[in-house]
**Q** 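One structure coming up, written as structure tokens, with questions to follow.
In what follows, chains carry the letters A, B, and so on, assigned in the order in which the sequence lines appear, proteins first and then strands, with residues in each chain numbered from 1.
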Amino acid sequence: MPKGMFVDTSICTGCKACQVACKEWNALPHEPGHFRYNPVEKRPIAVNFTGNSYDNTGAMSATDWRQVRFIEQFSEDRSRARWLFSSDSCKHCNDAGCLNACPTGAIVRTDLGNVFIRQDVCIGCKYCIPSCPFGVISLSEVTGTVYKCTLCNDRIHNGLGTACAKACPTGSISFGEVAELRNAADKRLAQLKGLGYGEANIYGYKEAGGLNVFYLFLDRPQVYGQPEAVVVPQQRLPVSSAVTIAGALALGGAALVSFRERGSRENDEEVKK
Amino acid sequence: MPDSTEVNPSRRTFLKRTVGVVSGTVFAELAGFGVDLGALAAKAGDVPIKRGKEVASICPYCAVGCGQIVTVDTATGKILDIQGNPDSPISQGTLCPKGAATYQLAVNPLRWTKVKYRAPLSDRWEEKPLDWAMERIAQLAKKTRDANFNEFQEMPDAKGGTVRKRVMNTYAIASLGGATMDNEWNYVHQKLMHALGVVYVENQARI
Amino acid sequence: MGSNMAECHPVAFRWPLKAKTEHGAVLMHVDPRFTRTSALCDIHAAIRAGTDIVFLGAIINHVIHSERWNTDPFFREYVVNYTNAATLIAPDFKDTEDLDGLYSGLSPDGKSYSNATWAYQREKPPVPATKEAKTFTDLLLQRIPGRPKTDPMLRNPRTVFRILERHYSRYTPETVEKICGCPKEKFLKVAESLLNNSGPERTSNITYAVGWTQHTVGVQIIRTAAVLQSLLGNIGRPGGGVLALRGHASIQGSTDIATLYHSLPGYLNMPDARKAHESLKDYILTEAVPLSTSYWGNYPKFAVSYFKAQFGDAATRENDYGYDYHPKITGDHSVMPMVIDMMAGKIKGFLVMGQNPAVGGQNARLQRKALAKLDWMVVRDFFETETAAFWRNSPEIRSGELKTSEIKTEVFFLPAAVVPEMEGTFTNTQRLIQAHDKAVDPPGDARSDSWFSFLLGKRLKELYKDSTNDRDWAIRNLLWNYEPDPAEAAAWRIKDEPSAYKLLKEINGYTWEDGKPLPTFANLKEDGSTACGAWIYTGVIPEEGKNRGKSRKGDEWISPNWGFAWPANRHIMYNRASSDPSGKPWSEKKKLVYWDPEADSGTKDPAGKPVPGKWVAPSGEGIDFQPTKAPGFRGKENGLGFDWLGGADAFIMRPDGKAWLFAPAGLVDGPLPAHYEPYESPVKNLLYRQQSNPVAKVWNVEGNPYHKVADPSYPIVLSTYRLTEHHGSGSMSRWLPWLAELMPELFCEISPELAAERGIRNGEHVTIRTARGEVEARALVTRRMRPFLIDGKMIHEIGLPWHWGWQGTAQGDVVNNLSSLVGDPNVSIHEGKVFTCDIRAGKKGGRA
Amino acid sequence: MNPEVHIPGWEWYYVATYFFIGGVAAGAYFIGTLAELFGGERHREISSTGFYIAFPLILLTPPLLIADLGRPERFWHLFFRAKGGFPFLNFQSPLSVGSWALLLFGAMAFLSFLDNLVSEGKLQSAHFAKAYSRIPRKWYAVVGSIAGFFVAGYTGVLLNVTARPIWAATDPLVGALFIASGASTGAAAIYLAMSWRKKLAYPGLPGFERFESLSKIIELILVVGVVVLAGRYAAPLMRGTIAVMFWGGTVLLGILIPLAAGWYIPRSAERRTSLANLATVMAILVLLGGALLRITLLQAGQVQ
């Protein structure tokens, strides 16, 4: 029975508790790229102000497995005033680009459906990084291996929910069986539609074979930084391979033309001489 | 456990942290040969997890009073984890980012755990024994109080004159407390301050 | 209003949000900024900072003239019975309507009010119930005042209701648009929603935080909300009320068990040399007579038990229980005058415990300079806070204003234990006492705060033990017996931590004779036979060994078995008002406490027959009323406390048993809230000639200059506030890289309109300046900020979160360098939410 | 806000260099094989030169690949399960299959290399030579060629089969392009080697040069195709250093000029010797262009 999370962004307050709870449970340090070091006072100093609303995390990384996105939608006269929040993380795709791409078997899917990176197996080839359509997985310069949300692999295999869902003050992130979460999501969507949120939509039923971590958005997924037409890269592999083989054949043909025909004519000439 | 404020955590510590804590075990590079442990993450049930003695606590930050559970490693006596208490009808196991970071408030290499002393006009901190500091503070408090105690004070009366009133106080010592401190401290501290005649007793509630 | 709940109390916000998604509650946010709270609310009404009373006053005006309020009998029944709307006020009272923004009673120098003319009209005093005066209680009984005169039909123009109606008549939707800058339509939407969601079936709550307190009219803003909620029948009922969201884990506890200059634990007033407090009797009479017809009629018991707890055996009837040796205050000794006296060199020694005034204090530059004038200072904290480090790397050291080599302050840094490293209790914002258990020993020399005060006290007692001076009596005789039992310390490395249990037991109170804890404050005595540190906490240790702070069984609603809500586990104060005067619930849906005429009261009449009937609360809620006083009970004219109050007098702490729409006493700046502009404002008061609170606390001293009204050098309004990601002055958050990286640097929220005017670009540096100081911040240009068109003038507002300082792992300028020492006259809380400034693009050094 | 697929952070001096050298080695090898298969003994010089350079070049590549790994000491996880040691192959992952292909190609290139040595009598162990000559050379050359095509092409497929916008947009042409580039650079390498070995005056040269031209034409068509496919994601190829390297280096210097020169050189057979220097320069340009092709396509996918 796959487990997953439903992120109802309509009740997210952008508090970032999920980000810290994730770091706390998974013992992740601060993101080194966010700090400079003051050698006199012997302490790191945060320098990662982005000016992009209240998001200073910027992107998911080996130490930031979650990122809360902030989207300000205001018309000039403020008659339309919306501030959208969405807590983003690995979606644990059923058709996972990273897992497909992994050449070592370091990335596995467990019996609970979560996509998990075995840190003791990963060689740091980095191929999974661009293979994720969602920009989730990242290399740690410190360990030389890649990291992403594990769906709290240890917790869920011991009967607990994820740390982020547990911490979430408003219940925007809920953990459970994907099937049950989908029911709850459908209900909430219907409720919101009834309240006039026409653009509300669920993201993750179809994308990448279905996302075990899926979202309720109040606006188009793109607004929240999510790709709308998700193509898992490996879906393109057969065509890509076929065309490449065709290319090889073309070269073979070129060789055939060049070496045999021309060669035989020259041969003939030589014979004539 | 993580030294989370390290600037450049060494590969070893980070590995221990992420692998040791998340998946529980660090395998030597070749140790796995011959035995298929590939199912480590694929099989439910035997994934190790932080465990220890659970102690009920309350979040030290704002006044909502969210419940916390502090997990203590029974072997080392150290805090392993601090997270929300699901039993609390106030917070139902949830926490805000500050509450969720309480672990790093407690376990933090930047935390000072020794007494530091700066002598008058000095340009540096010195480490001092706790006992020495307490005695010195007591002596200073007594000296300051004794030199500046008012048993009586002229107070304005209704007719524009003054009247001598018993005040039993000193203005030379002031106390400013935070408000993330126990009720018990508030009690014992106000009691001590009042016994000394200190009237400049204030706390965060005014701020 | 006045609160950014989603950001500053994120977990508490869980509940209103649940009400919204699960029960269709309407959430409204009235705030100058569009915050994370606004984002989740149904309505956001932006008002210019500091105009809350106009907005609320206009709602009051709208409500009392609305059809619904005048036709639904609920409102009138509630208001006439449970508030002082029907009470007649002295004929010589003059309202702001008469005096253009002032009340009668202003002193000739215009700096203070006498409240003599604000008083109730009363019947003649009754014949005292006792001639003899053996006890303090007897003395009170001899001084019971006459009942207030009322007109339940509310026709008399001297009734509170008519005065109030007239007072708020100029608070119209048009005024809101003109003064608050909020469109009329939006205001009406808010007012209508509030009205429509109040009544027998529905209740509305107003939640505030320091967005209301930090004003020169802070207390009056909150009063306006209380008046409105009383008029709407939203007090004492589930889902109603005015909720103060307090900011620190035990800030409620530190107010209850006050480490505040003006108060003794349990809201007893501090003995004060300015008042008639010469002896214990004078003190009790001065404080208790005006309140004797409320539960405060028990004041003598509370006070004597407090002194007994202080001095134990040394406190006797003969020596007034040590009253003479207790210090008396002589003026305002709150934190702002503390800075001024420190600057003047009057204060020599300073204990700073879990506090960081170098960042958090108003006019922080002055604060830091004042620290340099001290002889010695003790800082107890987890990290090297800005206050601890002021002498080595403060901005004043860097600028050369202060020189390390010339600062004579002797500084002690004592490491403090964090919460899981000690045992104790916190009182949360709902008055709920919750215990935290000790999980581990604190590291190194870190110790609990109680350890410090207890051990310092022990050393001082030792130093003074041979003194025979009068002045040392108090410390010599101080009851100081909190040594832990061996069992309490057995498991720990540190053996001399004081016993948290013993401390809480003393707070709770116990009988002096046998040391047994008191289950309720009704057990307190005025004869020295009980000792009690803070009467309101009685019941938290109902029996030996049981700490209700450790009750940890929650339920779906009130959760009476989770923690202990003082007083007497009452979660909703004045909950008698959740039933109508006859004791029936206002509605099935909003049932909480009601009179069950059948229930066995457990009492018998003189004939020995059981008397049926008592108040019940099936939820387990503590009943904030006399358990068997029938709804129809008529109070005794010459009775004390509960005897005087009738069966429908729900507001048992008020001497007339009513919620006060009009406050005849207790406030120093007027019996009704009126709009005054903030002390520093870019506009004139458009409502009255009186510009700002006439009795606001101002300190015209060097280093604390103020801006003029509409000062052209400082045309912009500035609010300071907090973020979710940090806490207070940052001493508990900026040292945590996990939090530092979420909000790394000081930033200034600016509207695109102002940014365009001043050539400011998002992400670049700006400098904000006041006459007190200047700070540099990163610009966050956002439409969440907006300018307000007031009186034809575009008023720009900017916002600065104030968490930063020069220490820690997230650093930035100290925003309080900008603020001034100016405060509310009732409670001396500063005006941090609104003052004026100027802003320009660029860093501090690179002057344009 | 646009969905931001993360950048892998492959270092060009490892990865693009590997792509390039692997391409040259593979190209040289399959040209050698094809020349021999289709052209017979007359092209023996080409094939033996191809086999001579393929193996040493391919030997250079594993260190490059391993150096770019985050955990170089674990490179063997590419082939064997870290736990259990069983061979591991993930057909969905070009990187996994490509690693095996590289291994296979290396093995075949080694055999061919050895074969060259034996047949040219440079390996003097008679016993060994005798045993060795029994192995059918064409068989492993064909297998090696297929592996070689794979080595040259999978690197392009590897880029295409990601979610980085420019790489994904140019799918499915980069694999074929890299094969074509492998062919042209392989041929250039063979030419240089033969020129260095002073074996230029051999009869099969015109056919070889024709192949060179054809491969460049195919490469050019594919380059155009790639740019067209890239569409709105082509921006990185159109600005800054990458644009100069791509358009100036790969397209102009690496394809167009050599193509034009190639058109010119074979037509004046008698002047060939005098143009030998020019041809050498052209071959170097082709190699440079091939290297820049790998670098630019790799880096175009790794800019923000």
**Q** Counting only non-hydrogen atoms closer than 4.5 Å, does C:Ala309 touch chain B with its backbone (N, CA, C, O), its side chain (CB onward), both, or neither?
**A** both
**Q** Does any heavy atom of chain B fall under 4.5 Å from the side chain of C:Val352, the backbone, both, or neither of them?
**A** both
**Q** Please state whether the side chain, the backbone, both or neither of C:Lys438 comes within less than 4.5 Å of a heavy atom of chain B.
**A** backbone
**Q** Where does C:Met336 contact chain B at under 4.5 Å (heavy atoms): side chain, backbone, both or neither?
**A** neither
**Q** Between B:Gly178, B:Ala195, B:Ala63, B:Pro120, which residue shows the highest count of heavy-atom pairs closer than 4.5 Å to chain C?
**A** B:Ala63
**Q** Which one of C:Ala474, C:Ser254, C:Gly354, C:Gly424 has the most heavy-atom pairs closer than 4.5 Å to chain B?
**A** C:Ser254
**Q** For chain B, find which of C:Arg274, C:His277, C:Gln252 contributes the most heavy-atom pairs closer than 4.5 angstrom.
**A** C:Arg274
**Q** What pair of heavy atoms forms the shortest contact from B:Asn108 to C:Trp735, and how long is it?
**A** ND2-O, 3.0 Å
**Q** Of the backbone (N, CA, C, O) and the side chain (C-beta and beyond), which part of C:Arg380 lies under 4.5 Å from a heavy atom of chain B, both, or neither?
**A** neither
**Q** Please determine whether side chain to side chain contact (heavy atoms under 4.5 Å, CB included) holds for the pair B:Gln153 and B:Lys165, giving the CA-CA distance in whole Å, both sets of side-chain angles, and the decisive distance to 0.1 Å.
**A** CA-CA 5 Å; B:Gln153 186 176 330; B:Lys165 288 216 178 182; 5.9 Å; no
**Q** Please determine whether salt bridge (Lys or Arg N to Asp or Glu O under 4.0 Å) holds for the pair C:Arg459 and B:Asp131, giving the CA-CA distance in whole Å, both sets of side-chain angles, and the decisive distance to 0.1 Å.
**A** CA-CA 11 Å; C:Arg459 282 176 196 265; B:Asp131 201 53; 2.5 Å; yes
**Q** Using a 4.5 angstrom heavy-atom cutoff, name the option from C:Pro265, C:Pro10, C:Pro357, C:Ser250 with the most pairs to chain B.
**A** C:Ser250
**Q** Heavy-atom distance under 4.5 Å to chain B: side chain of C:Ala388, backbone, both or neither?
**A** both
**Q** I want to check a possible cation-pi pair here: C:Arg471 against B:Phe149, using under 6.0 Å from ring centre and within 45° of the ring axis as the test.
**A** no
**Q** With chain B as the partner, which of C:His830, C:Glu556, C:Arg392 has the greatest number of non-hydrogen pairs under 4.5 Å?
**A** C:His830
**Q** Sort out for me which of C:Asp441, C:Asn477, C:Asn469, C:Thr427 touches chain B most, counting heavy-atom pairs under 4.5 Å.
**A** C:Thr427
**Q** Compute the centroid of each ring, for C:Phe452 and then for B:Trp185, and state whether the two points are separated by less than 6.0 Å.
**A** no
**Q** Between chain C and each of B:Pro156, B:Ser57, B:Gly84, count heavy-atom pairs under 4.5 Å; write down the option with the most.
**A** B:Ser57
**Q** Is there a side-chain contact between C:Asp470 and B:Glu151 in this structure, where contact means two heavy atoms from C-beta onward sitting under 4.5 Å apart?
**A** yes
**Q** Flag this pair as yes if the NZ/CZ of B:Lys116 is under 6.0 angstrom from the six-membered ring centre of B:Trp112 and inside a 45 degree cone about the axis; otherwise no.
**A** yes
**Q** For C:Phe311, is the NZ or CZ atom of C:Arg476 found under 6.0 angstrom from the centre of its six-membered ring and inside 45 degrees of the ring axis?
**A** no
**Q** Only pairs of heavy atoms separated by less than 4.5 Å count here; which of B:Val163, B:Ile82, B:Ile90 has the most with chain C?
**A** B:Ile90
**Q** Does any heavy atom of chain B fall under 4.5 Å from the side chain of C:Asp324, the backbone, both, or neither of them?
**A** both
**Q** Measure C:Leu478 against the heavy atoms of chain B and call it side chain, backbone, both or neither at under 4.5 Å.
**A** side chain
**Q** If every non-hydrogen atom of B:Val64 is compared with every non-hydrogen atom of C:Thr429, which pair is closest and at what distance?
**A** CA-CG2, 4.4 Å
**Q** Decide yes or no for B:Val188 and C:Tyr482: does some side-chain heavy atom of the first lie under 4.5 Å from some side-chain heavy atom of the second?
**A** yes
**Q** For each of B:Ala56, B:Pro129, B:Ala133, tally heavy-atom pairs with chain C at distances under 4.5 Å, and name the one with the top tally.
**A** B:Ala56
**Q** Give, as side chain, backbone, both or neither, the part of C:Arg14 having an atom under 4.5 angstrom from any heavy atom of chain B.
**A** side chain
**Q** Would you call the rings of C:Phe412 and B:Tyr117 parallel, tilted or perpendicular if under 30° counts as parallel and over 60° as perpendicular?
**A** tilted
**Q** State, to 0.1 Å, how close C:Thr255 and C:Arg246 come at their nearest heavy-atom pair, and which atoms those are.
**A** OG1-NH1, 3.0 Å
**Q** Are the aromatic rings of C:His333 and B:Tyr171 close, with centres under 6.0 Å apart?
**A** yes
**Q** Heavy-atom pairs under 4.5 Å with chain C: which of B:Gln92, B:Lys128, B:Lys191, B:Lys142 has the most?
**A** B:Lys191
**Q** Using heavy-atom distances under 4.5 Å, tell me whether C:Asp555 contacts chain B through its side chain, its backbone, both, or neither.
**A** backbone
**Q** Highest number of heavy-atom pairs under 4.5 Å with chain C: which of B:Gly99, B:Ala100, B:Gly77, B:Ser88?
**A** B:Ser88
**Q** Heavy-atom distances under 4.5 Å only: say whether C:Gln214 touches chain B with side chain, backbone, both or neither.
**A** side chain
**Q** Counting only non-hydrogen atoms closer than 4.5 Å, does C:Ser559 touch chain B with its backbone (N, CA, C, O), its side chain (CB onward), both, or neither?
**A** side chain
**Q** Considering only heavy atoms and a distance below 4.5 Å, find which of C:Asp449, C:Leu479, C:Leu504 pairs most often with chain B.
**A** C:Asp449
**Q** Is it the backbone or the side chain of B:Leu196 that comes under 4.5 Å from a heavy atom of chain C, or both, or neither?
**A** side chain
**Q** Can you tell me which portion of C:Trp473 sits under 4.5 Å from chain B's heavy atoms? Options are side chain, backbone, both or neither.
**A** neither
